[in-house]
Amino acid sequence: MSKLLLEEMSWPEIREALNNGMKTVIIFAGSVEQHGPHMAEITDTVLGYQSAIDLAKRLGNALVAPVIRPGLSEHHMALPGTITLRPEVFIGVVEDYIAAYVRHGFETIIVASSHGGNFKTVAQIVEDQAKKYKDVKIIGAFSLSDMMSTIAKLEKNDSLPAGACGGHSCAWETSEMLFFAPHLVDMDKAERGFLGEVAGEILQKFFDEGVLSVAQNGILGDARPSNAERGERFFKALQDKQEQVIRENLDKARKGQ
Ligand SMILES: [Zn+2]
């Protein structure tokens, strides 16, 4: 398998890949932020790499950009270790990634989020940059609601207690980390957090007033029913949805040309 991570390739390798038609690049915006008492702050960046690599393999003509860390995490700042970028700094970083890859000859640039707080801003950046670079396809990925509705279905199919997969350091995310990076999870410290529905007013409160207004331990959901096997299955199902949305967006961009 040839290399997919741009940061691990040399410039001649990247030039050769471009010449061989690898003209799509996948940029994930992750985070460095608290992930409950049981899991590492780098979680969204680890999962961003895994999603990007898997997507690159599915698409077949794509390379993976260094995952952007940190992201927009003001709502997690009450707990130590979290870093948040000012929105204008975050937007500038994503725009400069895009500008670099446009200059180097990539023809399709996919921008995705592996952290809830980035989704809205990333969608806006994609919209703006698509207008700026008319000869390049700037493509968005699935939305936070696409992600959360997929997770809700998985939670139900697995007969997990309602709210166990609340979306942050929960049974879904902890399971994925147990599959990909078990050394970054301490299941002895896994706890239950907020178990209500994370939508509407609660989601707004979480973003506006911060995580402690919803859960003192920083968990939305329940981390305890987590295991690697579940992580592998949930990851695959989310990637199926992600791939479907990206292919639809690629089709739309093609027709728009
Ligand atoms: Zn996370």
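Just so it is clear, the values below take in all heavy atoms, side chains as well, and ignore hydrogens, waters and symmetry mates. In this chain, numbering begins with 1 at the start of the sequence shown. Atoms within each ligand, like the ligands themselves, are counted from 1 in listed order.
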Item to complete: Over 60° means perpendicular and under 30° means parallel, so classify the ring planes of H76 and H168, tilted if in between.
Response: parallel

Worksheet item: Quick check: are there more than 12 heavy atoms from other residues, nucleotides or ligands sitting under 6.0 Å from CD of E201?
Response: no

Fill in: Metal site the Zn ion (ligand 1): N/O/S of E173 inside 2.8 Å
yes

Worksheet item: For E191 and H38, does a side-chain donor sit closer than 3.5 Å to a side-chain acceptor?
Response: no

Practice prompt. Quick one: report the N, O or S atom of D44 that is nearest to the Zn ion (ligand 1).
Written response: OD1

Worksheet item: Measuring to the Zn ion (ligand 1), does H35 have an N/O/S atom at a distance below 2.8 Å?
Response: yes

Practice prompt. Determine the sole option in Q242, E243, Q239 for which the side chain to side chain donor-acceptor pair (under 3.5 Å) test with R58 is passed.
Written response: E243

